[in-house]
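Predicted model, so just to flag it, every value in this text is computed and none were measured.
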2 protein chains.
Amino acid sequence: MTVTLKDIARQVNRSVTTVSRALHDCADVSPETRDLVKYTAAQLGYAPNVVAQRLQKQRTETIGLILPHHGPRLSDPSFGDMLTGVVDAIAGAGLDLLISSAGDVPDETPLYRQRIGSRRVDGFWVVRTRCHDPRIRYLIEQGAAFVACGRVMEAWDFPYVDVDYKHGMRSLVQHLCQLGHRRIAFVTGWSDLTSVHHQRQSFVQSVSELGLDDDPELIVEGEMSQHGGYRAAQVLFSQRQPATAIIASTDLMALGVMSAAQDQGLEVGSDVAVAGFDDIPLAETAHPTLTTVRQPAYQMGQLAGQMLAALAQGRPITRPHVLLEPSLIIRQSTNLDLWL
Amino acid sequence: MTVTLKDIARQVNRSVTTVSRALHDCADVSPETRDLVKYTAAQLGYAPNVVAQRLQKQRTETIGLILPHHGPRLSDPSFGDMLTGVVDAIAGAGLDLLISSAGDVPDETPLYRQRIGSRRVDGFWVVRTRCHDPRIRYLIEQGAAFVACGRVMEAWDFPYVDVDYKHGMRSLVQHLCQLGHRRIAFVTGWSDLTSVHHQRQSFVQSVSELGLDDDPELIVEGEMSQHGGYRAAQVLFSQRQPATAIIASTDLMALGVMSAAQDQGLEVGSDVAVAGFDDIPLAETAHPTLTTVRQPAYQMGQLAGQMLAALAQGRPITRPHVLLEPSLIIRQSTNLDLWL
DNA sequence: TTGTAAGCGTTATCAT
DNA sequence: ATGATAACGCTTACAA
C-alpha cells in the first residue's frame, strides 16, 4: 500500500540506511546510488512517514493553538486575518498548526500541560493575553516554547507581538477632541484583557490630559461583539447627559454602537461620533464608513508565525518583543462631511 | 525530563508491557499492580507520547484542512462559524485539526497526495467544492477518507454536508416577486463553485417560472467579498434599465451592494431591495438590516466534524449525505417598512 | 561507499 | 498475572 524506505531499499538492492542517506543528500553516498534511489523513490511515489520521523527526531514540527474560552471567536474577521498570517508563516517553514478549543473550562493550563506532556506540539501560539495570564505564567515555568500575541502586566520576559494600544487610543481621543467633543464615552470589552486594559488606561489618561469630561459613567463594559456594542450603547444613550462621541474597543463593537445610534434616530457622524479599533473590511463599507485605529492583524500573525518557526527549529529569535504602531484612519463616522 | 512508560516500569518494578496494560485497564493485570501503576503514573505526571502511539497504531488521529486557493478566507465570518463547528465536533472525539494553506498553487492535489503519502492525517475536510472538483476526484480515486462541505456536479458517492441553495434562492426570488419586483439582478461569485452554480441555476429558473425579466445583463459575476459586491453593484447601477432588486451570493457581497446603492444616493429597502445568503451577525445589525437566506454554518461544520470523527475511528457514517434546508429571514433591506 | 545495529515510545503477540 | 520480543518507519553512531 504505502511506500516505505524498505520498499525502495529492496528495489535498488541497498540497505535502508543507504536509501535514507541518499534521500538526505549525504556526502558519503555515491552519485549513482543517490540518483538511482531518488529516481526509484519518485517512481514509487515515496513520501516519508512524518510520524516515524517525529518519533525519531523527538520533534513534532507542529505549533499548537488552544482557543481560549474568553474568545476570540474564529468568526471575528480580525482574528481570522491574524490566523491567516500565522498559517502562512509557519507553513512556509514546514510547520503545522494544530487547533483545539478550550471549551468551557475556566482554567486552560491543564490543556497546555497535556499537550506538552504528550509531546503533541513543539510550541504554542497564545492569543488574547490577560493582565495576569496563568497560561503565560505556566508556559514560562515549564520552559515551554511559545509566542504570544499580546503582553501581560508583569515584567516577564517572553516573546510577543502586540499593538501599541495606548498610542492608538491617544490619537483617537485627540482627534475627537479637535472636532470639539468634550464628552467622550468608551465602550469596552472585558478589562481583564491586556489590550482592553491598555486602551482603558490610555483613554482615562488622555481624557484627563485634555481636560475632557471624565465621568466614570462614560465607560461601559460589554461583550466584545456587535451585540455587546449595541447594548452598551443603549446604556449610554439612556443617560441624562449622553456622550457626543463613542469609542469602542473593536470595530465589531463599534458597528453595534452605530447600529444602536441609528435605531435611536441619531445620525452617526453628525449627531454622534463613533470610532473603533481594528479596521476590518466592513469598516470601510459601513454606512457611514467607520473611523478606526488600524491594526495590522495579518502582519501580527505573520510575525508571530515567524518567531514560532524560529523557536521550533532552534534558531534564535531576532526581535523577541515587537510592538506595532497602529494608525488612525479617519472616516465618516466621526466626520460626516468627509468625502471618501 | 519527560516521563515514559519505562520510567514508571522501573519505579514499580514491573515490565513496560505490564505498565502499558495497567494503564489501559486490561483485565489480565492484578488490581494491586494496576493501582500502583496508575498512582505512580499520576505522581510522575506521565502523559503518553502520542507520536509513538500513532506510529504503532498507524493512525494520526488528525483531520486535515487544506485551504483552497480560491477562498474562503479565514476572516469570512460564516466560514469561521463553520470552522468552529468542525473544531468542536472533532475535539470532542479526541481528534486534531491540522490547517494548511494551498497558497497560490492552482492544483491542490499534490498537497493532498503529500499529506496522504506521509500519513500526516487520517482524513480531510474539503471546503468550497467546485462543480468538477479535482480534489474530490483525487480523494475518491485514492480511497481516502474525507467529508466535503458542498457537492459536485458528478453523481459520485461521497459523504457531504451541503445547503439546499436552490430552495433558498427560490424562496428569495418569490419573496421579491411578491413585493412587486419584475427586474431582479443576481450578484454572484465565481460560478465554478457548486454553491454558486446552484444558486444561479435556481435564480434563472425561478425568474423564468415567475415570468420576470430574464435579461442576462442582470447577472454579474464578482469577487466573493464586500468589494466584489460593491463593484458588481456599480455595474448594475450604470445600466440603462437598472434592477429594482439585487440578490447576492453571500451576505458580505450583499453588504457591498448596499454600500454601493447608498453611495448612489439610493435608499436600500425602498429605492432598491437587497438580499444575501448566510445570515452573518452583521446582517442583523446593518442599516437597514439585511434580508438573507440563513445557512446553519456552525451546524454544518459540526455535522461534518462528526462524520469525520466516525470515519477516522472506523465507525460507519449514519447519514453520509446531508442537505440542510436554509430559511428565509426577511428584514428591512427588502422591506423598509418592516419594524424589526 | 555501504551495511549493521540500536534506539525513539508505544502496543500486540506469544510465552510463561 | 507478567514478561520477553517484535514491530511501527525512520535516523544515526559505529563498523566494515
> To the nearest Å, how far apart are Glu61(A) CD and dC10(D) P?
Replying inline: 14 Å
> Hey, what bend do you get for the helix from dT1(C)-dA16(D) to dT16(C)-dA1(D) if you fit axes on five pairs at each end, rounded to 10°?
Replying inline: 50°
>> Would you call the rings of Phe158(B) and Phe146(B) parallel, tilted or perpendicular, taking 30° and 60° as the class edges?
In response: parallel
> Do NZ/NE/NH1/NH2 and the carboxylate oxygens of Asp7(B) and Arg10(B) come within less than 4.0 Å?
Replying inline: yes
> Is Ser15(A) touching bases, backbone alone, or none of the nucleic acid, heavy atoms closer than 4.0 Å?
Replying inline: base
> Hey, what's the ring geometry for Phe79(A) with Trp125(A), parallel, tilted or perpendicular (30° and 60° as the breaks)?
Replying inline: parallel
> Choosing from dT11(D), dT1(C), dT2(D), which nucleotide comes nearest the side chain of Ser20(A)?
Replying inline: dT11(D)
>> Just the rounded figure in Å: distance from P of dG9(C) to CZ of Arg120(A).
In response: 17 Å
>> Rounded to whole Å, how long is the line connecting atom CZ of Arg59(A) with atom P of dT12(D)?
In response: 11 Å
>> Please determine whether a side-chain nitrogen or oxygen atom of Thr4(B) lies at a distance below 4.0 Å from atom OP1 or OP2 of dG9(C).
In response: no
>> Whole angstroms only, please: what is the NE2-C1' distance between His24(B) and dT11(C)?
In response: 7 Å
> Sub-3.5 Å donor-acceptor pair from the side chain of Thr33(B) to the main-chain atoms of Val29(B), do we have one?
Replying inline: no
> How many angstroms lie between CG in Leu65(A) and CG in Leu308(A), if you round to the nearest 0.5 Å?
Replying inline: 10.0 Å
> Can you check the Asp25(B) CG to dT11(C) P distance for me, whole Å?
Replying inline: 13 Å
>> What is the separation between atom CG on Leu5(B) and atom P on dT2(D), rounded to the nearest whole Å?
In response: 16 Å
>> If we check ring pair (Phe, Tyr, Trp, His ring centres under 6.0 Å) with Trp190(B), which of these qualifies: His197(B), His70(B), His69(B)?
In response: His70(B)
> Looking at DNA chain D, which of residues 34-58 of chain B put a heavy atom within less than 4.0 Å of it?
Replying inline: Leu55(B), Gln56(B), Gln58(B)
> Reckon Thr33(A) has a side-chain N or O less than 4.0 Å from the OP1 or OP2 of dT1(C)?
Replying inline: no
> Taking NZ, NE, NH1 and NH2 as the nitrogens, is one of them in Glu108(B) or Arg130(B) under 4.0 Å from a carboxylate oxygen of the other?
Replying inline: yes
> Looking at Asp25(A) and Lys38(A), does any basic side-chain N land under 4.0 Å from a carboxylate oxygen?
Replying inline: yes
>> Between C1' on dT2(D) and CD on Glu32(B), what's the gap in Å once rounded to a whole number?
In response: 13 Å
> Should the heavy atoms of other residues, nucleotides or ligands under 6.0 Å from CZ of Arg34(B) be counted, would the total exceed 12?
Replying inline: yes
>> Just to verify, which of Thr129(A), Asp133(A), Asp162(A) counts as forming a side chain to side chain donor-acceptor pair (under 3.5 Å) with Arg151(A)?
In response: Asp162(A)
> Do you know which of Arg120(A), Arg54(A), Arg59(A) makes salt bridge (Lys or Arg N to Asp or Glu O under 4.0 Å) with Asp96(A)?
Replying inline: Arg54(A)
>> Working note: Tyr138(B) + Tyr112(B), criterion ring-ring contact (aromatic ring centres under 6.0 Å, His included); need CA distance, chi angles, decisive distance, verdict.
In response: CA-CA 9 Å; Tyr138(B) 178 76; Tyr112(B) 285 89; 7.4 Å; no
>> Expressed as a whole number of angstroms, how long is the span from Leu23(B):CG to dT11(C):P?
In response: 8 Å
What N/O pairs connect the protein and nucleotides 13-16 of chain D at under 3.5 Å? Give each pair on its own line.
none

